[in-house]
Amino acid sequence: MHRLKKIFATDSYIVPLVAIVMGFLVGAIVMLIGGYDPIAAYSALFKRVFGSPYDFGEAIREMTPLMFTGLAVAFAFRSGMFNIGADGQVLIGMTAATLVGIQLAGLPSFLLVPLAVIAAGLAGGLWAGIAGYLKAKRGINEVITTIMLNWIALYLSNYIVRNFLLLKGQNRSEDIPASLSMTFLNGLFDNARVHWGTAIAICAAIFFYVYLWKTKQGYEMRAVGLNPNAAEYAGMNVGRNVVKAMFISGAFAGLAGAGEVLGVFHYQSVFAASPGYGFNGIAVALLGLTHPLGVILAAILYGMLTYGAAGMSFGADVPPELIRIVIGSIIFFIAAQGIVRWVLKPFYLKRKKEKVS
């Protein structure tokens with residue numbers, strides 16, 4: 001039994017892959033029950049993503065904010081907190097980037113773009129830092145404060161756009177001259193909205209890994225997340241680490257906002273409801289097992305499925321809502337790893353017998 005457990009631990013990377021396959025199988029079963037052809041549906045999905053350079057570029061664009069918000073949720077989780085406020089932090093990042101981009105429009109692009117991106121990251125970090133401060137100083141649960149801050153961020157960003165940035169006669173801000181677009185790739189991706197935010201997200205994932213696992217500050221942050229009482233007994237400043245972790249988490253989400261307004265839309269809308277970037281980030285973080293590499297891979301999968309859902313609808317007449325069943329099933333199997341391991345157990349037993357013989 002001990003040897004079998006060791007095999008499971010060694011091959012734990014297989015569990016998410018099997019969970020993905022099982023999620024697709026559940027989706028296929030639901031399609032069959034509904035009278036749809038799952039093979040045609042999944043073929044249309046992948047054709048939508050990989051069928052043309054433009055679609056592939058747009059799929060990359062779909063993945064990018066998910067990378068940022070997934071990293072935001074995962075970073076907070078590794079530090080012992082559950083950041084439900086990534087959606088609001090994205091909106092605050094958007095608003096900061098829009099303000100800088102419009103108000104400082106006279107600056108050259110090589111100055112304006114970095115300033116707008118930095119402003120978005122700082123604004124998102126400070127917004128999340130409010131929840132971190134309230135937890136550190138007052139013991140208020142960050143789930144409650146981040147949810148409330150989502151609503152405040154939505155109405156605050158709408159107020160700023162309406163009163164200071166609104167384009168006359170429109171329900172959006174003026175155009176932002178700053179741009180994160182990768183114009184040198186326009187020919188390769190048929191003018192798809194690919195932007196530098198994707199590269200920044202990958203750099204953020206590298207920072208996530210190096211900071212948490214290769215630095216003293218990261219070690220303290222993980223220790224606080226695992227056991228704050230033991231960390232405090234060891235002389236670590238728990239409150240400071242809580243605020244710092246939420247700031248970094250919010251900065252990741254704020255950068256997602258910069259990518260959306262500078263790289264995709266080039267303006268900020270007045271939102272009737274939350275855009276949902278942060279809530280999708282929770283799913284991505286769980287799917288990626290809160291590890292930076294896993295989050296990037298999960299964002300790629302999630303983005304492909306989300307963008308490809310339109311292909312299922314138009315190419316195979318399958319309701320795009322069915323892709324949510326696939327995504328939900330994958331997350332369920334990731335969370336309920338005992339089911340996946342139970343499915344895999346016969347294969348591991350067979351391998352064990354072959355090694356013994």
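Rounding to the nearest 0.5 Å gives a distance of 9.0 Å between CD1 of Ile327 and CG of Leu287. Within the model, atoms CG of Leu305 and CD1 of Ile323 stand 4.5 Å from one another, a figure rounded to the nearest 0.5 Å. The OG atom of Ser329 sits 10.5 Å away from atom CZ of Phe24, with the distance rounded to the nearest 0.5 Å. Here His266 contributes atom NE2 and His195 contributes atom NE2; the two are 9.0 Å apart, rounded to the nearest 0.5 Å. To the nearest 0.5 Å, atoms CG (Leu126) and CG (Leu122) are separated by 6.0 Å. Taking OG1 of Thr215 as the start and CE of Met221 as the end, the distance is 7.5 Å to the nearest 0.5 Å.
Contact check for Ile160 versus Leu165: side-chain heavy atoms found under the 4.5 Å cut-off. In this structure the side chain of Lys216 reaches within 4.5 angstrom of the side chain of Glu220, judged on heavy atoms. Side-chain contact check for Arg48 versus Tyr307: some heavy-atom pair is nearer than 4.5 Å. In this structure the side chain of Tyr219 never reaches within 4.5 angstrom of the side chain of Trp213, judged on heavy atoms. Residues Ile300 and Met67 have side chains in contact (heavy-atom distance under 4.5 Å, counting atoms from C-beta outward). Here the side chains of Phe265 and Arg172 are not in contact, with every heavy-atom distance at 4.5 Å or above. Leu149 places a side-chain heavy atom less than 4.5 Å from the side chain of Trp127. Between Leu212 and Arg78 there is a side-chain heavy-atom pair separated by less than 4.5 Å.
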- Decide ring-ring contact (aromatic ring centres under 6.0 Å, His included) for Phe189 and Tyr54; before the verdict, give the C-alpha distance in whole Å, the side-chain angles of both, and the deciding distance to 0.1 Å. CA-CA 5 Å; Phe189 290 107; Tyr54 175 82; 9.7 Å; no
- Task: With side chain to side chain contact (heavy atoms under 4.5 Å, CB included) as the test, would you mind laying out the steps for Val284 and Val295 before giving the verdict?
- Result: CA-CA 6 Å; Val284 169; Val295 167; 4.0 Å; yes
- Message: As a quick check of understanding, evaluate side chain to side chain donor-acceptor pair (under 3.5 Å) for Gln89 and Asn83, giving each step before the final call.
- Response: CA-CA 10 Å; Gln89 293 144 26; Asn83 183 7; 3.0 Å; yes
- Query: Should Gln170 and Tyr267 be marked as a side chain to side chain contact (heavy atoms under 4.5 Å, CB included) after you check the CA-CA gap, both sets of side-chain angles, and the distance that decides it?
  - Reply: CA-CA 11 Å; Gln170 300 292 325; Tyr267 61 82; over 6 Å; no
- Run the numbers on Phe271 and Asn158 for side chain to side chain contact (heavy atoms under 4.5 Å, CB included), then give the verdict. CA-CA 7 Å; Phe271 292 99; Asn158 283 348; 4.1 Å; yes
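Note on Met182: it does not cluster hydrophobically with Leu112, by side-chain heavy-atom contacts below 4.5 Å among ILVMFWY residues. Residues Leu32 and Ile39 do not share a hydrophobic cluster, defined by chaining ILVMFWY side chains whose heavy atoms lie under 4.5 Å apart. A chain of hydrophobic side-chain contacts below 4.5 Å, direct or via other Ile, Leu, Val, Met, Phe, Trp or Tyr residues, connects Ile206 to Ile200. A single hydrophobic cluster is seen to contain both Tyr211 and Ile296, as judged by linkage of ILVMFWY side chains at heavy-atom distances under 4.5 Å, directly or through other members. With hydrophobic clusters built from ILVMFWY side chains whose heavy atoms lie under 4.5 angstrom apart, Met304 does not share a cluster with Val21.
Of all heavy-atom pairs between Leu71 and Ala201, the closest is CD1-O, 3.7 Å. Contact between Ala285 and Gly70 at its shortest, heavy atoms only, is CB-O, 3.6 Å. Scanning both residues, Ala136 and Val243, for their nearest heavy atoms gives CB-CG2, 4.0 Å. Taking each heavy atom of Ser181 and Gly263 in turn, the nearest pair found is OG-O, 3.6 Å. Residues Val113 and Ala178 share a closest heavy-atom pair of CG2-CB, 3.9 Å. Smallest separation of non-hydrogen atoms from Asn280 and Leu66: CB-CD2, 3.5 Å.
Under a cut-off of 6.0 angstrom, the local environment of CZ in Phe247 is crowded, with over 12 non-hydrogen atoms contributed by other residues, nucleotides or ligands.
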Pair up each side-chain donor or acceptor in residues 90-103 with any protein partner under 3.5 Å, not counting sequence neighbours, and list the distances.
residue: Thr95; atom: OG1; partner: Leu91; partner atom: O; Å: 2.9
residue: Thr95; atom: OG1; partner: Gln268; partner atom: NE2; Å: 3.1
residue: Thr98; atom: OG1; partner: Met94; partner atom: O; Å: 2.7
residue: Thr98; atom: OG1; partner: Gln268; partner atom: OE1; Å: 3.0

Donor-acceptor contacts under 3.5 Å from residues 310-321 side chains, at least two apart:
none

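Other members of the hydrophobic cluster containing Met246, listed by chain and number, are Met81, Val224, Val238, Val242; membership follows side-chain contacts under 4.5 Å among ILVMFWY residues, whether direct or relayed.
Residues satisfying the side-chain contact (heavy atoms from CB on, under 4.5 Å) test with Asn171, not counting sequence neighbours, are Val270. Residues satisfying the side-chain contact (heavy atoms from CB on, under 4.5 Å) test with Leu111, not counting sequence neighbours, are Pro108.
A side-chain donor from one of Tyr277 and Glu260 sits under 3.5 Å from a side-chain acceptor of the other.
Residue pairs that meet the ring pair (Phe, Tyr, Trp, His ring centres under 6.0 Å) test with at least one member in residues 63-88, sequence neighbours left out, are Phe75-Phe208, Phe75-Phe252.
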